Amino acid sequence: MKQRSPWQRTHTCGELNREHVGTEVVLNGWIENHRDHGQLVFVDLRDRHGVTQIVGHTETDGIGEGVFERLRKLGAEDCVSVTGRVRARDADKINKNRATGEIELLVTGLVVLGEAATPPFEILDEAEANEELRMRYRYLDLRRRPLQEALVKRARFVTAIRNYLQDQRFVDIETPILTKSSPEGARDYLVPSRVHPGKFYALPQSPQIWKQLCMVAGLDRYYQIARCFRDEDLRADRQPEFTQIDLEMSFVEEHDVLDLVEGMVVHGMREGFGVELPQPFPRFDFEQAMALYGSDKPDLRFGMELIDLSEHAKTSAFKVFQGAVETGGMVKGIAVEGAADKYSRKNIDALTAFSQGYGAKGLAWAKVTANGVEGSIARFYEGAAGQELIARMGAKPGDLLLFVADQAKVVHKALGEVRLKVAAELGLRDPKKFRCCWVLNFPMFEWNEDRQRWQYAHNPFSAPVDWDNTDFEKDPEYHRSRAYDFVMNGWELGSGSIRIHKPELQKKVFQFLGISEEEQQRNFGYMLEAYKYGGPPHGGIALGLDRMCALALGRDGIRDVIAFPKTAMAVDLMAQAPNLVSAEQMAELQIVSTAKKPDA
RNA sequence: GGGGACGUAGCUCAAUUGGUUAGAGUACCGGACUGUCGAUCCGGUGGUUGCGGGUUCGAUUCCCGUCGUCCUCGCCA
């Protein structure tokens with residue numbers, strides 16, 4: 001028999017039921033609530049598995065000396081061991097809201113394992129205390145059920161992912177945390193080297209290069225639940241350190257990676273969160289996603305696609321529409337089903353201002369009635385013209401039509417954002433509904449206005465779609481990369497590509513990006529060299545684990561699914577990191593700080 | 001780096017146009033109570049109004065600065 005000290009639990013606080021009635025048990029947990037009736041006292045004892053009601057009564061058979069008095073004096077969040085007999089509750093005293101509600105524990109013994117000072121905030125399911133305080137006492141915030149639930153489900157999700165990849169013959173490989181800085185991409189976190197004064201390691205922004213080298217090594221199928229570090233300004237969905245499900249496969253094409261990841265995500269969401277994802281995930285060409293949704297991360301929980309009216313606009317009486325097309329732009333619209341009477345003039349003005357924030361000059365609108373259209377553009381669409389517009393928009397009476405006329409880029413951005421805004425206002429972005437898709441064939445390069453040069457749109461290792469045309473200088477915009485994004489509910493959750501595995505091609509890309517031979521050697525020399533020794537075709541993806549968990553749980557940000565997160569200023573309020581280090585440590589690293597000294 | 005919101009009792013909030021001793025709920029402490037489950041009832045403790053400065057007879061309130069948290073744009077291959 002397993003050894004057990006007298007104070008150690010025989011059961012958790014979530015598992016006792018009618019079947020245990022009459023047995024002697026020991027529970028360990030925290031005092032959640034305390035109801036003192038003088039000669040009778042009730043205590044709710046909580047652990048992560050549930051809550052069990054403890055009953056203290058002076059006349060209980062076998063109750064220890066002073067146990068009742070000590071039970072009465074317990075305070076919130078004391079950590080205790082309780083011994084007692086399981087007793088069935090009378091029918092009228094059953095608590096239907098709890099799994100253990102049919103029984104209670106008649107106490108005979110009590111040991112206080114850890115006395116609690118009055119907590120700085122109450123441990124409630126719905127957090128009332130502000131986030132600053134909760135982060136400072138994160139270990140108390142984590143006692144709250146919703147946070148424990150998030151971490152438990154996250155762990156279940158990760159386990160399911162690992163099992164899935166293990167079954168698919170992937171190898172879990174750890175890659176260095178102390179690695180090398182490269183000037184591209186996000187700002188690096190740096191770690192000074194003691195044995196090489198003046199030199200620094202960088203923390204990885206992702207294991208990108210390492211996993212590609214694993215493919216050169218012939219490891220075939222790599223994965224890692226990898227911590228990544230990026231020193232950029234933060235958001236609700238961005239932490240300075242975050243976790244990726246990172247994987248790479250040899251001898252594959254896009255569909256191999258997409259099929260595998262689709263299966264993995266469906267399995268993980270089901271096992272981890274009980275979420276069933278509708279399959280298959282639609283696959284959009286980048287251009288197609290932009291045209292239909294005005295976004296490269298479309299939210300497919302609702303329709304409301306962007307409808308192209310450019311042809312029609314050429315002959316429109318409305319000069320704004322006609323002019324936009326004549327100057328090389330376009331006109332697109334969305335039909336908001338049944339929203340005509342939900343949007344007042346004032347609401348539409350607000351939407352207009354919103355669209356202008358994304359570069360639109362204005363938002364043309366019309367409400368569809370039984371007889372035609374009314375609204376800002378109605379006088380240009382009387383009679384047959386109005387009927388034609390309604391037909392093209394696939395609209396019916398009661399619908400609200402919204403239009404943007406401008407250059408394609410502006411139309412897509414502004415109308416795409418309006419689409420999301422309207423959907424949010426109409427409650428169409430249901431957090432309990434999940435729709436995934438893939439977006440493929442991103443542009444290879446994009447023009448950086450500030451730096452006045454072309455840069456890679458995805459990452460510099462993504463292979464071009466057209467292997468035969470690698471004259472990037474000729475028409476940079478023509479080139480598409482074999483990159484793909486995984487999108488769920490309008491969130492970009494993953495990004496990957498089929499990689500370049502020929503060193504000559506990789507050099508051509510670097511060259512076009514204006515990275516000199518010398519820079520290439522300095523930053524990626526070992527990688528270019530590796531591909532000289534028989535690099536296999538390969539591709540992979542990295543998925544944002546924190547974001548996926550947040551989305552699955554319907555949380556607004558990723559702090560809720562990370563045990564010990566940092567603030568928007570990248571500070572750990574509990575551990576007080578970052579912080580100053582001793583003069584000795586600085587001297588040993590041969591580092592001098594130029595920061596202004598804080599007033600002592 | 002820019003923009004916005006917030007900061008008052010341990011916690012969540014209130015406080016009239018700038019005006020008496022800064023209030024309430026909850027937590028906490030004490031008391032009563034044998035069936036509660038957010039127990040109830042009675043009583044009590046608890047305040048550098050984030051910090052610094054300014055205007056004013058008088059500042060929680062107005063102004064400037066600063067610190068912190070959150071949201072957001074830029075940024076995040």
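Just so we're clear, the structure is a prediction, and the values are computed from it rather than from any experiment. Throughout, protein chains are lettered first and strands after them, A, B, ... in sequence-line order, and every chain is numbered starting at 1.
- Counting only heavy atoms from C-beta on, A:E232 has its side chain closest to B:C75 among B:U69, B:C33, B:C75.
- Residue side chain A:D233 does not reach the base of B:C75 through any donor-acceptor N/O pair under 3.5 Å, judged by distance alone.
- For the pair A:R238 and B:C71, the criterion of a side-chain N or O lying under 4.0 Å from OP1 or OP2 is not met.
- For A:D285 and A:N441, the side-chain atoms include at least one donor-acceptor pair closer than 3.5 Å.
- Side-chain contact between A:H501 and A:Y531 is present, with at least one heavy-atom pair separated by less than 4.5 Å.
- Between the side chains of A:T175 and A:Q224, a donor-acceptor pair is found at a separation under 3.5 Å.
- For the pair A:K211 and A:Y222, the cation-pi criterion (under 6.0 Å, within 45° of the ring axis) is not fulfilled.
- Base contact: A:R87 has a heavy atom under 4.0 Å from a base atom.
- A donor-acceptor contact under 3.5 Å is not formed by the side chain of A:R136 with the base of B:G68.
- The side chain of A:R559 sits closest to B:C71 out of B:C37, B:C71, B:U34.
- Between A:T567 and B:U69 there is a side-chain polar atom (N or O) within less than 4.0 angstrom of OP1 or OP2.
- As a whole-Å value, the separation of A:Q244 CD from B:C76 P is 16 Å.
- Of the residues near RNA chain B, A:I209 and A:Y358, the one whose nearest nucleotide (by heavy atom distance) lies more toward the 5' end is A:Y358.
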Summary of protein contacts for nucleotides 2-12 of chain B, nucleotide by nucleotide, where a base hit scores B, a sugar-phosphate-only hit scores S (4.0 Å, heavy atoms): --------BSS
Between the protein and nucleotides 42-44 of chain B, list every N/O to N/O distance that falls short of 3.5 Å.
none

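- Ring geometry for A:W438 versus A:F486: interplanar angle of 30 to 60°, hence tilted.
- A donor atom on one side chain and an acceptor atom on the other are found under 3.5 Å apart for A:D188 and A:Q205.
- Using the six-membered ring where Trp is involved, A:F524 and A:F461 have ring planes that are perpendicular, over 60° apart on the 30 and 60° scheme.
- Evaluation of atom-type donor-acceptor distances gives no pair under 3.5 Å for the side chain of A:R72 against the base of B:G31.
- Between the side chain of A:R230 and the base of B:C75, no donor-acceptor pair of N or O atoms lies under 3.5 Å.
- Near RNA chain B, defined here as any heavy-atom distance below 4.0 Å, the residues from residues 97-107 of chain A are A:R98, A:E104, listed numerically.
- There is a side-chain donor-acceptor pair under 3.5 Å between A:Q53 and A:R35.
- Listed candidates were B:C76, B:G74, B:U69. Nearest to the side chain of A:L573 is B:U69.
- Looking at heavy-atom distances under 4.0 Å, A:L124 makes no contact with the nucleic acid at all.
- Taking CG of A:D231 as the reference point, atom CD of A:E241 lies at 12.0 Å (rounded to 0.5 Å).
- Looking at heavy atoms from C-beta onward, A:T83 lies out of side-chain contact with A:V25 at the 4.5 angstrom threshold.
- Counting non-hydrogen atoms under 4.0 angstrom, A:R187 reaches nothing in the nucleic acid.
- With hydrogens and angles ignored, a donor-acceptor pair closer than 3.5 Å exists between the side chain of A:H57 and the base of B:U34.
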